[in-house]
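For reference, positions follow the sequence shown, starting with 1. Each ligand, and each atom within it, is numbered from 1 in the order the structure gives.
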Amino acid sequence: MRQHLLSLFITFIALQAAAEDGHQLWLRYQPQNKAKVTCNQQSPTISIAQQELAAYYTGGDISLKLDATMSDDDGYRISGNTITARREAGLLYGAYALLRGEKNVESHPTFQLRLLNHWDNLDGSIERGYAGESIFWGENAFSPELIQEYARANASVGINGTVLNNVNASSKMLTRPYLLEVQRIAKILRPYGIKVYLSINFATPMALGETKTADPLNAAVGKWWKRKAKEIYKLIPDFGGFLVKANSEGQPGPGDFNRSHADGANMLADALKPFGGIIMWRCFVYGANHKGEDRVKQAVSEFKPLDGKFRDNVILQTKNGPLDFQPREPYSPVFDQIKETPNMVELQITQEYLGQSRHLVYLAPMWQEFFSFVPAKQLAGIAGVANIGLDRNWCGHHFSQANWYAFGRLAWNPALSSETIAKEWLRQTFTTDEQFVATVSQLMLESREACVNYMMPLGLHHIFKFDHHYGPEPDGFKADYPIEWCPVYYHKADKNGVGFDRSSKGTDAVSQYRQKLAQLYDNVSTCPEEYLLWFHHLPWNYRMKDGSTLWESLQYHYHLGVISVERQHNLWHTKLRHYVDEQRWHEVDERLEDQLQNAREWRDVCLGYFRQFAEP
Ligand code: GCU
C-alpha cells in the first residue's frame, strides 16, 4: 500500500512538474482519443496530422484530402470536418489550425520561406542566446525527442525551415562528422515540413586547407563548393541552402580577394542551383569598405550598385532596421533601394537589445511596425533569430515563448493583429479565462513601448553596455573599439544638444528612403517624434509638439517607461496569481521584479548622464 501511494505520489509530482515548468509551450491539448481521422493518401507528414487530430480533436471525425487543384503552397482549407491542402505540409498546418480553433477557413501563407535562424555554435554555446545551450550542438545536445518536440512546435505555427548554426560560422560545419549530424537532425524535422539550412564560413575550403585561396573566381574554389554541394545533397536531398555573413564584423568574404558580394553569392548559388538550393546573403555589412560613413547608410551603399547582379537563387537578407535590432529603429532603406533582387527580412526573436530573457517584452507590435512600412508581399521570405535553448521552458522567460509563437504566426500571416496573436497564445499557454486574457494581453501589448521608453525613447539608440547589450552605458567610449560600437557616437550629447543628425544637413541618411518619407524625416517639424533623435541633433530646449522642451520630454518618457513596468509587476503580483500555476507565476514574478530594477537603472543612469549637459 505504502509502495503504491509512493508511486502515485511520484507520478503526481512528475505530472505537476511537466505541467508547470513551461516545457509544453502553447501545445497543451488534453488527450481525447475521440476522432477517427482518414486520408486519401499516406505519408509520414500525413500520419502526424492524423495522430495529432486523433489524439486531441474533440469535434468529431475528420477527413484529410490532398487536392492538386489548390494553389501550390503550404495553405489549407478547413470546411466542416474536412481539411484539404495541395501539399502534405498543408494538411499538417490545417490540423494544428483546427486544434487551435480555426473553422471554415481557407488560409495561405504570405511568405513561402518562414525560417528560424539559430546562432548556435558547434561547442553548444549560443551567440545572444539567453535560454541555455544549443539543442543541436555541444555535449548535452541531440536528444531526438527534444528535436522532435521542437519540430512539432514549429510546425504548429507554420515555420518551415531552420538554419542550424551561427552566422559567425565555423568552417568545421561543413566537415563530414557535422554533416552527418545535420542529416540526423534533418530526418527528424522532415516529416514536420521543416527543411534544414546551414550558415557557412565563406573561407571554408581555405580554412580546412583544401584550397589555397577562397577567392570566389578561382576555379579550384568553385569546384570545391560544387563537390561539397553534391556531398550535402547526397546526405540531405531536400537541404534548403546556405546563409552567409561575409565581410562583416571580421568574417571572411569575397572582399578579401577584391571581389564583390555578387561574385561571392553567385559562386555559391551556382554550386547549389542543380539541387534546388538557395543562398541567403546578409546585408548586415559595415566597416570594411566604408570607413567614416554613417553606419546606418552602409548597407545601401554596399548593395545598391550590385542590385540585379545576383543569380536567381540568391536572396538578400536584411535586418528590419538599418542598425542592429534596437528597441526602435526606422525600417531599413535597403527595402526601398534593392528592387531587382529578392529580399528577405531578418527579425530577432531573441531579445538581444530588449532585455534578453529577463524582460517581458512582446515583440509582435515592433514587427508589425516594420510591416506598416515594408509591404510583406514585396518580400520573398522572413527569418527570425531564435530564442531557443536547452532551458526547460525553451526560451528563458515564459513570456519569451510568445515571441517564438508570434514570429511563426506573423510569418504565416503578417496581417494578424498583435492582439489576436497575444490572446491566442495566452489561451493556449495559460488559461482561457477572459479576465486573465484581457488583462495580460493588454500588458503584453504595452510592453514594447515601455521598453523603448525606459531604454531609449525619442529615437535614441545603441546606448548599451559594451558587448553584452543588457544595461545602459551612455558614456561608453573605447578608443580601441570601432567607433560604431560606441554609445557616444550614437547620441552625440553635449551642452548644445543631443541626437544624430542624419538629415540632409548631416549624414543625409534620410535620402536613402523613398521620397515621401525622406522629406518627412528630413524636416524636423514633420519627423515623427519616435524617430526624432535618430534623424536630428537638437538643442535641449527644443520645443516638442506638446509644448515641453526636449529635455523635459526625455525625462517624461524615461519615467513613463518605469511606471509601465511598475504597473505590470504590480498587476502580476497582486491580481494574477490565482490564474497561473505556482512555478510559472513565481518565475515570471521574479523576472518582472528584475525588469523593474533594470528599468530604473536605465532611467537613472541615462537621465543622470544627460543631465550634466542639459542642466549644466
Ligand atoms: C549583432 C550581434 C552579434 C551578431 C551580429 C550579426 O551585432 O551583437 O552577436 O553576430 O549582430 O547579426 O551578425
Colleague: Which atoms from ligand 1 have a heavy atom of Trp119 less than 4.0 Å away?
Modeller: 4 (C), 6 (C), 11 (O), 12 (O)
Colleague: Which atoms of ligand 1 are found less than 4.0 Å from any heavy atom of His469?
Modeller: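 Reading through ligand 1 atom by atom, the close ones are 8 (O).
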Colleague: Provide, to 0.1 Å, the distance between atom 1 (C) of ligand 1 and the closest protein heavy atom, together with that atom's residue and name.
Modeller: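 Going atom by atom, the protein heavy atom closest to atom 1 (C) of ligand 1 ends up being Asp324 OD2, 2.9 Å.
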Colleague: Heavy-atom contacts under 4.0 Å between Asn166 and ligand 1: side chain, backbone, both, or neither?
Modeller: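 It is neither; nothing of Asn166 touches ligand 1.
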Colleague: Is it true that Asp307 and Lys339 make a salt bridge, defined as a side-chain N closer than 4.0 Å to a carboxylate O?
Modeller: no
Colleague: Identify the protein heavy atom lying closest to atom 9 (O) of ligand 1, giving its residue, its atom name and the separation to 0.1 Å.
Modeller: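 Going atom by atom, the protein heavy atom closest to atom 9 (O) of ligand 1 ends up being Glu127 OE2, 2.4 Å.
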Colleague: Of all the non-hydrogen atoms in the protein, which one sits nearest to atom 8 (O) of ligand 1, and at what distance?
Modeller: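 Looking only at protein heavy atoms, the one closest to atom 8 (O) of ligand 1 is Glu352 OE2, 2.5 Å.
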Colleague: Flag Glu346 as yes when one of its N or O atoms lies below 3.5 Å from any N or O atom of ligand 1, and as no otherwise.
Modeller: no
Colleague: Is the Lys NZ or Arg CZ of Arg603 less than 6.0 Å from the centre of Tyr454's six-membered ring, within 45° of the axis?
Modeller: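 The answer is no, since Arg603 fails at least one limit relative to Tyr454.
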Colleague: Closer than 4.0 Å to some heavy atom of Asn168 - which atoms of ligand 1 meet that?
Modeller: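 Heavy-atom distances to Asn168 below 4.0 Å select 10 (O).
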Colleague: Hey, which atoms in ligand 1 end up nearer than 4.0 Å to a heavy atom of Lys319?
Modeller: 1 (C), 5 (C), 6 (C), 11 (O), 12 (O)
Colleague: Could you check whether any side-chain N or O of Thr211 sits under 3.5 Å from a backbone N or O of Val221, counting only pairs where one atom can act as donor and the other as acceptor?
Modeller: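 Not confirmed, Thr211 side chain does not pair with Val221 backbone.
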Colleague: Determine the minimum heavy-atom distance between Cys451 and Val361, stating which atoms define it.
Modeller: CB-CG2, 3.9 Å
Colleague: For ligand 1, which atoms, with element, lie under 4.0 Å from some heavy atom of Arg128?
Modeller: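 Listed by number with element, the hits are 2 (C), 3 (C), 8 (O), 9 (O).
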Colleague: Looking only at protein heavy atoms, which one is nearest to atom 13 (O) of ligand 1, and how far off is it?
Modeller: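 I find the closest protein heavy atom is Lys245 NZ, 2.6 Å.
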Colleague: Does Phe111 have Arg114 sitting over its ring (NZ/CZ under 6.0 Å from centre, angle to axis within 45°)?
Modeller: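 No cation-pi geometry.
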Colleague: Heavy-atom contacts under 4.0 Å between Phe325 and ligand 1: side chain, backbone, both, or neither?
Modeller: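 Looking at Phe325 and ligand 1, no heavy atom falls under 4.0 Å.
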Colleague: Any donor and acceptor pair, going by atom type alone, linking the side chain of Asp263 with main-chain N or O of Ser260 inside 3.5 Å?
Modeller: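 Side chain of Asp263 to backbone of Ser260: a pair is present.
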Colleague: Nearest protein heavy-atom contact for atom 5 (C) of ligand 1: which residue, which atom, what distance?
Modeller: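 Heavy-atom neighbour on the protein nearest atom 5 (C) of ligand 1: Glu249 OE1, 3.4 Å.
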Colleague: Answer yes or no: is there a side-chain heavy-atom contact under 4.5 Å between Ile232 and Leu174?
Modeller: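 SC-SC contact between Ile232 and Leu174 confirmed.
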Colleague: Within the side chain of Gln595, is there an N or O that forms a donor-acceptor pair under 3.5 Å with the backbone of Leu360?
Modeller: yes
Colleague: In terms of side-chain geometry, is the basic nitrogen of Asp508 or Arg502 positioned less than 4.0 Å from the acidic oxygen of its partner?
Modeller: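 No, this pair does not count.
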